[in-house]
Amino acid sequence: MAIIIKGIGVVGGFGSGIHSFKKALQTGKVSPKPLLIDSAGGAVRTRGLKADLSSLTEFIPPKALRRIDNCTQMALLGCYLALKDAGMIHTRPCPMGIIVATGYGATCNRFDFVNPLSPDDDFCYSPTKFSNSVHNAAAAHISVFLKEYGPNLSINHFEMSVPSAFLTAFQWLEESRLDAVMVGGVDEYSKVMGCYGHYMKSPLLTGEGSAFFLLTRSEDSSPGYAFVKNISMGSLDKGTIHFPQNAIAILNTDGYGQWDKCYEKYVPENMQVASYVDLYGNLPVGISFDIAAAAVGLKEKKLEPSSDNVFNCYEWSKIIDSEKHLDSEEICCLKISETNEFGMVTLSPMN
Amino acid sequence: MMRAKPVSVTGMGCLCAAGLNLKSCTDFLFAGKRFPAPPRGFCHDQELSYPVFEVTDDFFYPDLFNENCVSRTGQMALTAAMESVIHSGLERKRLKQQRVGVIIGTNVAGSVQNKHIPHGPLPKNFPYIMPVERFKISNPAFLIAREFELSGPFQTIVNACSAGSDAIGIGASWIRSGLCDMVIAGGADALYPITYRGFISLMNSDDGPCKPFDLDRKGLNLGEGSAIVILESDNSFKERGKSPEAFILGYGSAADAWHFTAPAPDGKGLYLAIREAFSMSGISFSDIAFINAHGTGTLDNDRIESRVFNSLFPGIPFFSTKGYVGHTLGAAGAIEAVFSIQCLKEGRIPVSAGFMKPDPELSAAPVQKITEIRGKNALSDTLAFGGNNSVLILGLEGD
């Protein structure tokens, strides 16, 4: 029995939907938005990769979205796009599990819980804003809108949230608890991280977005993107990372050289590597976009060239910098965190 | 679903307003006392203060730990984890050599500490970074993994009130699947001003001591604490000559898919979660000796639980411990799981604190005196904000 990626829904600075994502992979181009962040030293002008959520109204009427915040809307759009991509908007397997991974959750920009009518009143909290700040808000809203009664999980382990979410999704399917799981990651643009990247002169822009995957078991013979072969997680203080033979790595680099150097330490020298972080930006759930890139690549039997400036601090000899034809290679999507934890999701081709 | 193999619990640790370790917590429950009070830890100048159940500040002994932990939730998680490891008889050396996973449920620890971030423009010297850095290194699962130098998988669940139950249920699946030899699983949450004020804004808090299932109930009291269990494979504990304390027989979870802040009036999600848990356990409803209810003291929660209990488990005694320790959010499911195991071992359940007057609208009422129980199995359920329902079935025997 194997686990298949049946549908993918992606939203980010590149647009929304799998076609926009593929176009961004092919062209290597996205359009950052100018952003102004207030500071006591004057306005900080920076740029970020912000998501466009206008296509959500294809699935949910605007009136129903009035009290739902940006983070949850991104997650909702990702899920609906994944179901649409799988051809399962109206007839999906039931029950379906829902797992939402997030790095910051909904609170990062919700610094202000105060009633706008009395901003000095420290305890006049908005119940709507408080409710939306609870980290399982996105997963809960997804279940309400989809009328989905299956198990519902929210994970917040910063950069390890997505590998952790895939681990549980994989287990739920492998133990036949469910026939389908919607799993993905979502993070909202953070003015804190936007400023941080600006001051640290990071080569990467801060991004936001969501990437969701409909996973099923392979008894169903209809096509999909790729198999989810394996998920591994652990601490690099204790061990190392085991890569399969004949595999390519997509690295979720941060752009902060001192931490990204550790990829050079653990990825074999002769392994071909790629990175697409320029297309969706720096965000804790960024590896979910790498998984999408890997799945698209395996389905189309080719990987697009890496983003231009992500490997500036490396001395890799085997960067994929032009279109690469794929045969039977597996793709390992790897994230190493600043706290020396690692999470890796390995996909394999379907035929 | 076929019956799943029971997973052994070989160690437990707990701290909450009832006590700083599992024994003192259990003794406190059966003493029948409770001491809710206005929060000490943060300012509040409201006319009405809503009582909470706080842990005393002297619970954490930094010298016992290698990890330098600054967040209260992290300190609680480490303290309970240490007690569970000692209780299990495990040595640190053995933990380092085995495949040990960590899975913790929390609510507060998943949040950037918003109170340290000014509402207005960013200050010139950019102290925003401190709250973010603190957030990253204060993750309780991360802290436990670092403290004991563990190399297995890790997960932090933020499923609101059911996070602790979900952590234990999923941790058990890691053992069953062979992914880990041991799993440190549980929940931790400290009192936090935003949560305190948020629940008040939702009108879910009682301005007096909470009264789960009572006619005059008005809402919940928040609490804080942590509970951790050591889940262990048969090979692992047999190799070191240890016997299990209890077993995780079943776990079920399901969503209400009804409303973001209110539970489904028909209890559909709870019914589904119960059925899944029993299907996994292989035991029948009548094999349950008692139910440790979620029992928050809110009108809706208690109504739905009493309806479901009366429908599926008529005559089976139930109680809520939230009258003793408050609603500990992400820790609740884990604290109630270890309380349930202790009650099974003692052969008795405590009074459901705060319950005095039956509500004629409720189909069932909790116990009003310490009650002896005879069976070997218990059910512990949690109904989360956002509509998730999680159920654990715990037993003293694995066969």
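Below, read A as the first sequence line, B as the second, and so on, with proteins coming before strands; counting in each chain starts at 1.
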>> Need one label for A:Q171: side chain, backbone, both or neither, based on atoms under 4.5 Å from any heavy atom in chain B.
In response: side chain
> So what's closer than 4.5 Å to chain A heavy atoms on B:R146: side chain, backbone, both or neither?
Replying inline: side chain
> Do the non-hydrogen side-chain atoms of A:T168 and B:I170 ever get within less than 4.5 Å of each other?
Replying inline: yes
> Does NZ in A:K147 sit with more than 12 non-hydrogen atoms of other residues, nucleotides or ligands closer than 6.0 Å?
Replying inline: yes
> Measuring heavy-atom distances to chain A, does B:A145 have an atom under 4.5 Å in its side chain, in its backbone, in both, or in neither?
Replying inline: neither
> If you count heavy-atom pairs under 4.5 Å between each of B:G386, B:A141, B:S151 and chain A, which one has the most?
Replying inline: B:S151
>> Minimum heavy-atom separation for A:L167 and B:W174, please, with both atom names.
In response: CD2-CZ2, 3.9 Å
> Got A:N156 and B:T106 here, is their nearest side-chain heavy-atom distance under 4.5 Å?
Replying inline: no
>> Heavy-atom pairs under 4.5 Å with chain B - which of A:G97, A:S131, A:G150 has more of them than the others?
In response: A:S131
> Are A:R177 and B:E276 close enough that some pair of their side-chain heavy atoms sits under 4.5 Å apart?
Replying inline: yes
>> Quick check on A:N152 against chain B: is it the side chain, the backbone, both or neither that has a heavy atom closer than 4.5 Å?
In response: both
>> Can you give me the closest heavy-atom contact between B:N107 and A:V134, atom names plus distance?
In response: OD1-CG1, 4.1 Å
> By a 4.5 Å heavy-atom criterion (distance strictly below it), what part of B:L150 contacts chain A: side chain, backbone, both, or neither?
Replying inline: backbone
> Where is the tightest heavy-atom contact between A:F342 and B:F154, given as atom of each residue plus distance?
Replying inline: O-CZ, 4.2 Å
> B:N159 and A:S154: which non-hydrogen atoms are nearest, and at how many Å?
Replying inline: OD1-N, 2.7 Å
>> I'd like to verify something: which residue of A:S235, A:A140, A:P151 has the highest number of heavy-atom pairs under 4.5 Å with chain B?
In response: A:P151
>> Do A:E174 and B:S177 pair up side chain to side chain, a donor and an acceptor below 3.5 Å, judged on atom types alone?
In response: no
> Does any heavy atom of chain A fall under 4.5 Å from the side chain of B:S173, the backbone, both, or neither of them?
Replying inline: both
>> Which atoms of B:I157 are under 4.5 Å from chain A, going by heavy atoms: the side chain, the backbone, both sets, or neither?
In response: both
> Under a 4.5 Å cut-off applied to non-hydrogen side-chain atoms, are A:V144 and B:H259 in contact?
Replying inline: no
> If you round to the nearest 0.5 Å, how far is CG of B:D166 from CG of A:L153?
Replying inline: 6.0 Å
> Of all of B:F199, B:W258, B:F142, which one pairs up most often with chain A through heavy atoms under 4.5 Å apart?
Replying inline: B:F142
>> Rounded to the nearest 0.5 Å, what separates atom CG in B:N388 from atom OG in A:S143?
In response: 8.0 Å
> Does any heavy atom of chain B fall under 4.5 Å from the side chain of A:F170, the backbone, both, or neither of them?
Replying inline: neither
> Could you state the interatomic distance from CE (A:M160) to CD (B:Q155), rounded to the nearest 0.5 Å?
Replying inline: 13.0 Å
> Can you tell which of B:A257, B:S390, B:A384 has the highest number of heavy-atom pairs within less than 4.5 Å of chain A?
Replying inline: B:A257
>> Working to the nearest 0.5 angstrom, can you tell me the gap between B:T156 OG1 and A:F158 CZ?
In response: 12.0 Å
> Atom CZ of B:F260 and atom CD1 of A:I68: how far apart are they, to the nearest 0.5 Å?
Replying inline: 9.0 Å
>> Given heavy-atom pairs under 4.5 angstrom as the criterion, report whether the side chain, backbone, both or neither of B:K268 touches chain A.
In response: side chain
>> Looking at A:R67, I'd like to know if its CZ atom is crowded, meaning that more than 12 non-hydrogen atoms belonging to other residues, nucleotides or ligands lie closer than 6.0 Å.
In response: no
> Most heavy-atom pairs under 4.5 angstrom with chain A, which of B:S253, B:P153, B:A264, B:A273?
Replying inline: B:S253
